[in-house]
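Below you'll find the structure, written out as structure tokens, and then a few comments.
Lettering of chains follows the sequences in order, A, B, ..., and the numbering in each one begins at 1.
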Amino acid sequence: MLPKTYDPKPVEEKWTRLWQENRVFRAGIDKSRKSFTIVIPPPNITGALHMGHALNNALQDVLIRYRRLSGESSFWAPGTDHGGIATQNVLEKMLKAEGKTKEDLGREQFLKRMWDWYKECGGTILQQLKKLGCSLDFSPENIRFTMDETRAKAVYQAFKELWEKELIYRGERMINWCPRCYTALSDIEVEFEEERSHLWRIKYPVENSDSFVTVATTRPETMLGDMAVAVHPEDKRYRKLIGKNLKLPLTDRLISVIADEEIDMAFGTGAVKVTPSHDPVDFQISQRHGLAQMPVISYEGRMMNCREKYLGKKTALARKEIVEDLQALGLLEKEEPYTHNVGKCYRCSNHIEPLVSEQWFVRTRPLAEKALEKTKNGELTFYPESWQKPFDAWLEKIQDWCISRQIWWGHRIPAWYCRKCSGEGLHFDEKGELRSVSVKKGAKPAVSREKPLKCEHCGGQDFLQDPDVLDTWFSSALWPFSVFGWPSKTPELGYFYPTSALVTGYEILHLWVARMVMSGIFHLGELPFKKVYVHGIVRDKHGQKMSKSKGNVIDPLDMMAKYGTDSMRFSLLIQAVGGKDIPFSENSIIGGRNFVNKIYNVSRFLQMNLVPGENYELELEGADLSDRWILHRYNQTLSEYKKLMDEFLLPEALDKLYGFLWDEFCDWYIELAKPDLQTENKKKKLSILINVFLNSMKLLHPFMPFITEEIFADMKTSAGSTAKSLMDEKLPRPNKKLEDETSLRKMGVIMEIIKSIRTIRSQFTIPPRKEMRAVITSSNGALEDIKPFGHYIKNLARLSELELSKAGEKPKMSVSAVMGEFNIFVLMEGDIDPEKEKNRLSKERQALLAGTKTWEKKMQDGSFLKNAPEAEVEKIRQRIAENNDKISRIGLILKELER
RNA sequence: GGGCAGUUAGCUCAGCGGAAGAGCACCUCCCUUACAAGGAGGGGGUCACAGGUUCGAACCCUGUACUGCCCACCA
């Protein structure tokens with residue numbers, strides 16, 4: 001005999017192996033069938049899979065399995081992302097533990113270590129996706145990596161095409177610099193966080209005068225690089241000072257007062273210190289006024305170009321000392337608490353230093369405009385659609401994309417400089433390696449994947465490659481087509497591109513999705529996908545983001561080991577409603593675990609009853625009411641399920657299945673069918689039980705692949721299937737022959753009667769096992785309707801005897817209920833307290849009377865009668881009639897109790 | 001500072017113009033031969049607040065409050 005509880009572990013291990021061995025997930029080109037393609041958001045190779053990956057990939061797997069079962073040729077290939085800064089940081093940390101730095105190793109050795117790490121970690125992540133049940137084809141030739149040879153070709157091709165169209169350029173701009181990661185970042189890689197700090201008011205002495213101009217700043221340390229103080233041209237306080245010089249404290253420099261419209265007179269003192277090298281706004285002001293730049297903060301985040309005292313000190317320390325020094329000089333007017341937003345690195349959370357630097361950029365506006373056309377004309381749609389607006393808004397305000405990173409791990413920028421022609425433009429470090437390049441000083445890049453043979457200008461052959469690498473998102477942006485071998489015109493590219501849908505979390509809508517859209521249109525002239533399914537973030541049960549530092553991380557691998565993969569998938573998927581964030585707790589998996597066990601026990605029950613080897617083909621002949629009812633409900637559930645799945649309403653579809661299987665199939669239908677399993681009717685009943693159940697398993701399969709596959713394998717022969725896997729089966733189609741609305745109505749009445757008898761039993765604490773006698777009376781034809789199904793009531797309400805009669809007499813020693821058109825009397829043994837019973841019925845009567853009163857009031861309302869639709873009025877008329885009928889019936893029972 | 005959501009039972013949410021719902025949690029009774037990871041029954045909500053539209057509002061409109069996200073160069 002099968003054990004009472006389901007043990008997921010051996011089942012999951014078995015099927016994980018068999019699926020790969022039999023290559024059931026293989027997606028080939030099959031022009032006779034529709035294709036369904038999703039490219040996996042490639043996980044970064046930074047460590048292990050987390051809950052977010054579990055959700056993201058479970059959702060994709062649901063879609064892929066559903067489409068595969070629907071007969072489409074599904075493609076979903078595994079892959080990982082090299083993950084640029086994030087991954088480099090992981091290795092740097094590991095080196096630190098060994099007491100080394102990446103400089104100790106040198107670029108070449110460091111990269112070798114990175115590739116070793118990829119081999120180790122990339123494999124682990126794929127292994128974990130397998131555990132999650134993802135129906136990816138893990139054949140080695142199928143595994144993609146954003147830095148493998150094919151993808152590298154794509155990156156070069158993309159760079160070249162953009163360069164040739166002048167959409168990539170090199171220039172000096174204000175960029176976001178992370179001194180910790182030691183690289184430039186794009187604007188969207190900066191996260192703003194509110195921080196409590198101070199606003200300092202500093203007095204700048206006016207030259208040849210005793211007066212001062214007071215400026216307000218949150219960053220006093222940058223004052224060493226001030227080149228001016230700006231005021232609004234119409235600011236009366238300062239108008240006279242415009243053009244005058246100020247003595248910049250702590251330096252021996254003079255700076256001038258300039259006028260700029262952008263200055264807000266109402267903020268601070270209305271006078272702003274202008275630091276062109278370290279503030280984006282100041283940079284713009286300086287451009288407008290032709291101010292010189294003077295950087296005072298280095299790439300390391302230390303003070304430079306300043307007096308000895310501060311030289312080389314970190315900005316935070318310099319800030320403290322400068323404030324103290326100003327105070328000592330009497331130039332600090334005020335220090336007030338101030339809360340403002342501070343930019344932080346999205347990879348290491350350290351403060352971002354805005355500074356001027358020469359970098360590579362993508363000119364995004366022309367690309368964004370094309371993308372906007374597609375979203376505006378409805379070609380690109382979002383599920384849920386509320387993401388469309390923010391997506392569009394971002395494209396409309398898009399800034400040029402800084403794509404160069406000063407790290408080592410990534411695609412090296414395919415630009416080369418002739419040593420001879422580049423003049424002063426090449427800067428080397430102490431080891432003689434090219435460290436940075438200045439185009440302004442003569443360096444002219446030649447774009448090429450390999451080292452160029454000859455310089456176009458001087459014929460020289462000594463080339464140096466640009467030391468920077470590309471933003472990791474640059475290669476991610478090409479993923480939907482690089483996956484298929486672009487720029488080669490592979491058959492896969494032709495068949496699977498554009499892909500069918502993209503499934504992703506909203507946090508990378510700009511970083512990734514928008515860039516894929518722009519790249520797809522630019523390089524292939526076609527959107528990479530037309531549907532974007534956007535999901536939320538898995539949080540802890542209090543809605544907090546999971547993070548190691550908070551210690552609230554739940555590891556999906558632990559959860560799968562403890563409760564099984566199907567259970568975890570269920571609890572994630574059922575909660576993923578409307579793309580909202582999911583508050584996840586271990587507790588929520590238990591619901592999934594219970595459902596898995598419930599299903600397992602259904603199969604156990606059926607297997608205990610069926611005769612192995614026998615074929616239980618669906619027999620409709622002679623189906624009784626409960627059969628017709630469950631088949632009708634199954635059929636309805638199937639149609640609703642398909643509709644929901646096609647609309648990407650996956651949690652809703654799962655919820656429908658859950659309700660159908662647990663409430664209707666288990667709690668009602670199986671219970672109703674049980675007595676028949678003891679009769680010659682057994683085979684017919686089993687045919688319906690097995691067919692409805694196994695078809696439901698097919699519907700459930702995309703969500704919970706392991707248990708459904710296992711059950712199917714155990715029972716398929718009974719349903720006449722020889723399929724090797726459930727996935728070789730087809731999803732059932734709704735069948736008109738199964739429709740039977742009448743059964744729904746009739747079963748509804750019977751279920752209500754059963755429930756009211758159960759309620760009475762419960763109220764009088766009659767043990768469920770104890771058999772009772774009951775009498776049901778009704779003065780009209782309704783009784784005829786239920787007469788053939790008395791045995792349903794007897795069985796499920798546990799009655800030893802059921803009398804159906806027209807006579808309205810209340811049997812002695814009985815408890816009564818009025819349900820619809822029926823009076824129900826449950827016969828009690830021994831005495832019942834007439835007072836208690838009277839009380840109970842009177843209370844119900846009161847409630848009914850109150851209802852009638854409300855409705856009648858409404859019926860006396862002239863404007864209601866005049867304005868409300870006739871159907872509404874009729875409905876209320878009927879309610880009153882029903883109520884009154886019940887009231888009078890209760891009245892009669894009460895009268896009988898009096899005697 | 002701008003924009004977008006949300007506020008319904010203890011929790012997570014559905015309902016989006018005609019008698020307040022589900023799941024989980026809770027309480028009571030039951031180890032009934034598929035399942036105690038189960039079954040049956042039950043309690044619990046002025047639908048954030050204030051106005052308005054309507055015969056009728058959780059639902060539509062207008063404010064207010066709070067919460068959450070996204071975007072933004074206010075020193």
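- An OP1 or OP2 oxygen of B/G42 is reached within less than 4.0 angstrom by a side-chain nitrogen or oxygen of A/Thr759.
- If you check distances only, the side chain of A/Arg593 does reach the base of B/A37 with a donor-acceptor pair under 3.5 Å.
- We find that NZ of A/Lys857 is positioned 13 Å from C1' of B/G56, with the value rounded to whole Å.
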- Once Watson-Crick and G-U wobble pairs under 3.5 Å are found, how is RNA chain B written in dot-bracket notation, 5' to 3', with | for any base paired to another strand? ((((((((.[[[[.)..(..]]]].(((((.......))))).....[[[[[..)....]]]]])))))))....

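- To the nearest angstrom, C1' of B/C24 lies 14 Å from CD1 of A/Ile589.
- A salt bridge links A/Glu221 with A/Arg219: at least one charged nitrogen is closer than 4.0 Å to a carboxylate oxygen.
- Remark: side-chain polar atoms of A/Asn867 are paired, donor with acceptor, to backbone N or O of A/Ser863 under 3.5 angstrom.
- A distance of about 38 Å separates the P atoms of B/U62 and B/C24, rounded to the whole Å.
- A cation-pi contact, defined as under 6.0 Å to the ring centre and within 45° of the axis, is absent between A/Lys656 and A/Tyr641.
- The residue A/Pro869 sits close to a base: some heavy atom pair falls under 4.0 Å.
- The side chain to side chain donor-acceptor pair (under 3.5 Å) check on A/Glu193 picks up A/Lys344, with sequence neighbours excluded.
- Rounded to a whole angstrom, the distance from the P atom of B/A5 to that of B/G63 is 14 Å.
- A/Phe570 and A/Phe703 have their aromatic ring centers separated by at least 6.0 angstrom.
- In terms of phosphate contacts, A/Asn867 brings a side-chain nitrogen or oxygen within less than 4.0 Å of OP1 or OP2 of B/C55.
- Using a 4.0 Å cut-off between charged side-chain N and carboxylate O, A/Asp260 and A/Arg288 make a salt bridge.
- A side chain to side chain contact (heavy atoms under 4.5 Å, CB included) with A/Ile707 is found for one member of A/Thr565, A/Asp566, A/Leu700 and no other, namely A/Asp566.
- A salt bridge links A/Lys875 with A/Glu872: at least one charged nitrogen is closer than 4.0 Å to a carboxylate oxygen.
- In this entry the distance linking CD1 of A/Ile574 with C1' of B/A22 reads 11 Å, nearest Å.
- The CG atom of A/Leu672 sits 12 Å away from the P atom of B/A40 (whole-angstrom rounding).
- Remark: side-chain polar atoms of A/Arg633 are not paired, donor with acceptor, to backbone N or O of A/Phe660 under 3.5 angstrom.
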Output a table of nitrogen or oxygen pairs between the protein and nucleotides 9-11 of chain B separated by less than 3.5 Å.
none

- Item | Per-nucleotide protein contact string for nucleotides 65-75 of chain B, where B marks a base within reach and S marks sugar-phosphate only (heavy atoms under 4.0 Å, - for neither) | ------SBBBB

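- Separating the CZ atom of A/Phe382 from the P atom of B/C4 is a distance of 17 Å, rounded to the nearest angstrom.
- Residue A/Trp668 places none of its side-chain N or O atoms closer than 4.0 Å to OP1 or OP2 of B/A40.
- Nucleotides B/C71 and B/C16 are separated by 32 Å at their P atoms, to the nearest Å.
- A salt bridge does not link A/Glu335 to A/Arg201: none of the charged side-chain nitrogens sits closer than 4.0 Å to a carboxylate oxygen.
- Nearer the 5' end of RNA chain B, as judged by each residue's closest nucleotide, is the contact made by A/Arg879, out of A/Asn594 and A/Arg879.
- No donor-acceptor pair under 3.5 Å is formed between the side chain of A/Asp235 and the backbone N or O of A/Met265.
- Atom name C1', nucleotides B/G1 and B/G18: the rounded distance is 43 Å, in whole Å.
- Taking a cutoff of 4.0 Å between a charged side-chain nitrogen and a carboxylate oxygen, A/Lys643 and A/Glu640 do not qualify as a salt bridge.
- In this view, A/Glu586 and A/Lys562 satisfy the salt bridge (Lys or Arg N to Asp or Glu O under 4.0 Å) rule, not counting sequence neighbours.
- Rounded to a whole Å, the CD atom of A/Glu870 is 14 Å from the C1' atom of B/G18.
- A distance of about 15 Å separates the P atoms of B/G45 and B/C49, rounded to the whole Å.
- Rounded to whole Å, the C1' atom of B/U8 lies 9 Å from the corresponding atom of B/C13.
- On the C1' atoms, B/C74 is 29 Å away from B/G6, given to the nearest whole Å.
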- Item | Audit row: A/Ser186, A/Arg515, side chain to side chain contact (heavy atoms under 4.5 Å, CB included) steps and yes/no | CA-CA 13 Å; A/Ser186 70; A/Arg515 274 130 176 211; 3.7 Å; yes

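- Taking atom CZ of A/Phe764 as the reference point, atom P of B/G42 lies 14 Å away to the nearest angstrom.
- Distance check on atom C1': B/G15 versus B/A20 gives 9 Å, rounded to whole Å.
- Taking the centre of each ring, A/Phe595 and A/Tyr658 come in below the 6.0 Å mark.
- Here A/Trp200 lies out of heavy-atom contact (under 4.0 Å) with every strand.
- Note: CZ (A/Phe595) to P (B/A36) measures 17 Å, nearest angstrom.
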Which atom pairs link the protein and nucleotides 32-34 of chain B when you take only N or O atoms and keep those under 3.5 Å?
| from | atom 1 | to | atom 2 | distance (Å) |
| --- | --- | --- | --- | --- |
| B/A34 | OP1 | A/Lys674 | NZ | 3.4 |
| B/A34 | O3' | A/Arg604 | NH1 | 3.3 |
| B/A34 | O2' | A/Asn601 | OD1 | 2.6 |
| B/A34 | O2' | A/Arg604 | NH1 | 2.3 |
| B/A34 | N7 | A/Lys674 | NZ | 3.3 |
| B/A34 | N6 | A/Glu671 | OE2 | 3.2 |
| B/A34 | N3 | A/Asn601 | O | 3.2 |

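- Between A/Arg877 and A/Glu874 a salt bridge is recorded (basic side-chain N to carboxylate O distance below 4.0 Å).
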